[in-house]
There are 2 protein chains.
Amino acid sequence: MTNIRDIARMANVSVTTVSRVINEHPYVSEEKREAVLRAMERADYQVNMTAVHLSQGKSQLIGVVVPFANHPYFGLLIEGIAKKAVESNYHFVLIQTNYNKEREQEALDMLRHKQIDGLIICSRISGLDTITKYRQYGKIVICENAKGNRTIDSVYIDHYQSFLSALKYLYEKGYRNIGYSIGRETGSNSYFRQQAYRDFLKQKDLPYQESFVFTENYNLEDGQKVVNLIQQLFHKPDALLVTSDVVAAGIITACNHTNLRVPEDLAIIGFDNQPIAKMMGITTFEIPLVTMGEKLFQQVIRTTSTAHQQFHVTLIERNTV
Amino acid sequence: MTNIRDIARMANVSVTTVSRVINEHPYVSEEKREAVLRAMERADYQVNMTAVHLSQGKSQLIGVVVPFANHPYFGLLIEGIAKKAVESNYHFVLIQTNYNKEREQEALDMLRHKQIDGLIICSRISGLDTITKYRQYGKIVICENAKGNRTIDSVYIDHYQSFLSALKYLYEKGYRNIGYSIGRETGSNSYFRQQAYRDFLKQKDLPYQESFVFTENYNLEDGQKVVNLIQQLFHKPDALLVTSDVVAAGIITACNHTNLRVPEDLAIIGFDNQPIAKMMGITTFEIPLVTMGEKLFQQVIRTTSTAHQQFHVTLIERNTV
DNA sequence: CTGTTAGCGCCTTCAC
DNA sequence: GTGAAGGCGCTAACAG
């Protein structure tokens, strides 16, 4: 492995000069530059980026934490992140946690061990206080409402308002037995949605039915699970807010195998506006995930003060309400 | 930023000793070890992995090249890679190429610049000869049949045989106007499939119809495209091999919006056995993508000689044939 | 314009 | 057990 010193020797110049031509810095005479270039060519010289990074104290690498890489929601966020990373000459290491604290800790450790310059957490399992401790080692941005936080950046959807408007929409369409399906029961996004749900019911003087809340639904297959549960209910919901179009698609498909008609017996509103929603004509709230991913990246490399950026959802009316 | 030398000073020992306790090497007296530990605690010492990596000449990082991260096929490969990477204390940087040569080149460059120790190419656009040149900088494993290659490792499906058995299956079911849908027209996987298709037709004395081959289909939405094309055909295929369950799902959904009945008017066989195939009852060939991902990773960190590992597909009979 | 030199932070051989 | 010293490969301030 030939290094910068070897090249210097071969070209009869100093390492500084070599470094200068590598980095295209000015103040190098044309002849020396060519001598260096020739030497590099001859020796098939390759810069060692690890050394560059050590010397510069940064890695041009950021960490991206997702619970599941193979899920369209996170896939779209990653899409946006990747897009902007390329433009800024960054790369990213993907850390799939499966909502396992140890995996998440690993990402945090990479930050303090200077393997990565910053960290994007698309969904977390650790407490915000734990994460905040690592802020001193590098920029951290999370994908949830952290408006109050003065150290952690955030890019988010106001899920309280989104849920509220979805509920109102269904209410106006005449539905009175509205339930919802989410992924994790914990997590701040779920918290805000639950809050909206309860506030809405109170406001409309509707009863809270525990059996109308379906949790741990992430994928297509989980739709079947939801429908099975509904089938067992004596008092069934007549509309469902589903925090993922793929789950919504799963529910609709499962319904088609039963006597439940959509939307006559069960109205469905999805979230994200994934391709599958368009394909199946699912009424949904579009979330600008790719754009959010782009912002997540831009924020993580920005050195300025903490920022919080809110995004909005857009109702896409189709045939499931 | 406090470093190993500071700790040594604080604990009144040499850097060697500090290094020893950090890496849990033997030959350190209990009292010195504790002194070091205390100093590290007091100063909130954090190892700088970049320095470790420079010193050791490796990064514990591998590169993973995919055309699209947000696609279930690659999502499952990544799933498998991630699983094994964790176990081996490796991380990976994800490089999404969109089948853009420059992006792919970037990954190759990371390898020769020692930013990554090895490279997994899930699907490529560059020529194999180009890639081979980079083998000298680190291990490379690709996800396609490269049995002959003596430097590049591979993990693959015999797409020739898979396609052939799928065609035979359809033939035995009585279909005589079989077409197929693939992603890229180029690429070795496509080549083998095309070969199988042509050989099969010849063997059965069936005519080759250019209009029965549908290319550039990757996603759900592309299914609609295929159906639109079929609708315009006077002589329509009565069965389709579709190299992705999501595309198959898209085709079926699009058919439901037309007068085409599946499988009466058009039989469909998918590939991968994705969740959506199960959900929609699509007959498909299961590809062990997660397992293949695991193998891809194991091969990339293995220092032994070049290996080529073949995997097999399994027919899953459901309702679309 | 160019070269010397001191880092960046850690590992590891070798001698005591 | 322990430490001094050289090395990993590159950058950048400083002196000329």
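Excluded from the calculations below are hydrogen atoms, water molecules and symmetry mates; all remaining heavy atoms, backbone and side chain alike, are included. We name chains A, B, ... by the order of the sequence lines, and we start the count at 1 in each one. Being a predicted model, the structure only gives us computed values, none of them experimental.
Figure legend: cation-pi geometry between A/Arg20 and A/Tyr27 absent, as NZ or CZ is not positioned both under 6.0 Å from the six-membered ring centre and within 45° of its axis.
With ring centers used as reference points, B/Tyr218 lies 6.0 Å or more from B/Tyr73. The aromatic ring centres of A/Phe297 and A/Phe92 sit 6.0 Å or more apart.
Each of A/Arg5 and A/Tyr27 has a nearest nucleotide on DNA chain C; the 5'-most of these lies closest to A/Tyr27. A residue-by-residue look at B/Arg20 and B/Gln46 shows that B/Gln46 has its nearest nucleotide of DNA chain C further toward the 5' end.
Nearest nucleotide to the A/Gln56 side chain, out of C/dC10, C/dT4, D/dA12: D/dA12. Checking D/dG9, C/dG9, C/dT4 against the side-chain heavy atoms of B/Asn3 singles out C/dG9 as nearest. Checking C/dC10, D/dC8, D/dA5 against every side-chain atom of B/Leu54, the shortest atom distance belongs to D/dC8. Which of D/dT11, D/dA12, D/dG9 sits closest to the side chain of A/Asn23 comes down to D/dT11. Side-chain atoms of B/Ser55 lie closest to C/dC10 of the nucleotides D/dA12, C/dT2, C/dC10.
Between the side chain of B/Ser123 and the main chain of B/Pro67, no donor-acceptor pair closer than 3.5 Å is present.
At a threshold of 4.0 angstrom between heavy atoms, the contacts of B/Met1 are confined to the sugar-phosphate backbone, with no base atom among them. Within the 4.0 angstrom heavy-atom criterion, only backbone atoms of the sugar-phosphate kind lie near B/Ser29; the bases stay farther away. As judged by a 4.0 angstrom heavy-atom cut-off over every strand, A/Val18 is placed among residues making no nucleic acid contact. If you check every strand for non-hydrogen atoms under 4.0 Å, A/Lys32 touches sugar and phosphate atoms only.
The shortest heavy-atom contact between B/Asn3 and B/Tyr45 is C-CE1, 3.7 Å.
Side-chain N/O atoms of A/Thr16 and base N/O atoms of C/dT4 include a donor-acceptor pair closer than 3.5 Å.
Rounded to whole Å, atom P of C/dC8 lies 19 Å from atom NE2 of A/His113. Whole-Å rounding puts the B/His25 NE2 to D/dT2 C1' distance at 14 Å. Between the CG atom of A/Asp6 and the P atom of D/dC10 there is a distance of 9 Å, given to the nearest Å. For the pair A/Ile7 CD1 and D/dG9 C1', the computed distance is 12 Å after rounding to whole Å.
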